[in-house]
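Numbers restart at 1 for each chain; the letters A, B, ... are given by sequence-line order, proteins then strands.
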There are 2 protein chains.
Amino acid sequence: MKELQSEYQCAINLVIDLIGGKWKVLLLWHLNEGDKRFNELRRTIPEITKKMLTQQLRELEGHGLVKRTVFEEVPPRVVYSTTDFGRKLQPVLYGMCQWGDDYAEKEGIQMNSCWTGQDFMENKSDLL
Amino acid sequence: MKELQSEYQCAINLVIDLIGGKWKVLLLWHLNEGDKRFNELRRTIPEITKKMLTQQLRELEGHGLVKRTVFEEVPPRVVYSTTDFGRKLQPVLYGMCQWGDDYAEKEGIQMNSCWTGQDFMENKSDLL
DNA sequence: TAACTGAGTTACTAAAGGGTAACCTAACTA
DNA sequence: TAGTTAGGTTACCCTTTAGTAACTCAGTTA
């Protein structure tokens with residue numbers, strides 16, 4: 001598990017340690033849409049491997065941004081959800097997405113959007 | 001130079017390609033405080049090496065987030081500033097910082113903040 | 001009896017990212 | 001004459017991050 005430093009010179013560095021890397025922001029984004037099971041996340045993000053998915057979810061859980069609930073059944077059922085604190089990042093993620101969309105439009109980059117601003121706007125009152 | 005893909009499934013992925021990594025968000029943050037020269041940035045972020053600083057600034061420039069202005073003098077003077085589009089990210093960066101500060105407080109992580117929300121609030125009207 | 005299920009783990013390998021130290025230019029200073 | 005300045009470049013190496021393939025478990029279906 002990636003250990004955080006005991007001291008940071010800038011909050012930005014802490015945020016990078018918490019949600020940096022190729023997958024974490026994406027995972028938080030999709031979990032903010034609703035709770036998801038392990039293989040559900042695999043289907044939502046087909047490019048991620050099982051190893052990376054487990055590893056990144058475990059780190060997010062270790063840092064208190066994601067909650068992992070295991071149902072003692074066979075075959076097992078494990079549900080991932082964002083914690084209250086993880087959810088507080090949603091407006092930031094939404095801002096990032098909007099900015100990314102603007103950039104894509106400006107530069108003519110094609111976007112097969114896996115999100116719609118609409119989804120966010122409908123739940124905005126719960127978050128802000 | 002890191003090349004962008006011609007197509008993205010999610011804006012988040014594009015954003016990660018644009019500002020991911022160890023230094024870019026930090027550089028944008030400091031450039032949003034005001035234009036800075038090369039060695040000024042080195043002093044502001046003492047941990048960054050010359051190589052990394054050049055490389056990351058060049059990528060930000062290549063993607064249109066940062067502007068590089070060379071004054072033909074000896075010794076040379078080079079000033080970096082954020083572009084209008086780069087500046088549009090500031091509310092997002094500010095949100096990240098706030099969230100990071102909250103996390104640090106919650107977890108008892110020490111923060112020798114290199115930023116104050118105050119700086120941002122004073123200029124907010126220009127940005128939002 | 002064999003194959004399948006969901007949710008992983010493990011060992012190994014490949015690629016990306018980042019760091020170190022030496023070097024460059026032209027003009028100025030000691 | 002040597003050293004300093006600002007703003008870099010280059011070659012090399014090491015570490016971190018990510019990917020591949022095989023394996024696990026206990027129960028259920030064909």
Distance, rounded to the nearest Å, where B/R58 contributes CZ and D/dG8 contributes P: 5 Å
Upstream residue (5' side of DNA chain D) when B/F38 and A/K22 are each assigned their closest nucleotide: B/F38
Rounded interatomic separation in angstrom, taking CZ from B/R42 and P from C/dG19: 13 Å
Proximal nucleotide (of D/dT5, D/dC23, D/dG19) relative to the A/K50 side chain: D/dC23
Whole angstrom value for the distance that separates P of D/dT16 from CD of A/E3: 13 Å
Position toward the 5' end of DNA chain C (nearest nucleotide), A/K51 or A/L57: A/L57
5'-most by nearest nucleotide on DNA chain C - B/P76 or A/Y80: A/Y80
Distance in angstrom units between A/R43 CZ and C/dT5 C1', rounded: 12 Å
Nearest-nucleotide 5' precedence on DNA chain D, B/R77 against A/V74: B/R77
With sequence neighbours excluded, residues passing salt bridge (charged side-chain N to carboxylate O under 4.0 Å, His left out) with B/R42: none
Between C1' of C/dA16 and CG of B/D17, the distance in whole Å: 13 Å
Integer-rounded Å distance: D/dA6 C1' and B/L53 CG: 12 Å
Integer-rounded Å distance: C/dG19 C1' and B/Q56 CD: 13 Å
Of the listed nucleotides D/dG8, D/dG7, C/dA7, the one nearest the side chain of B/R37: D/dG7
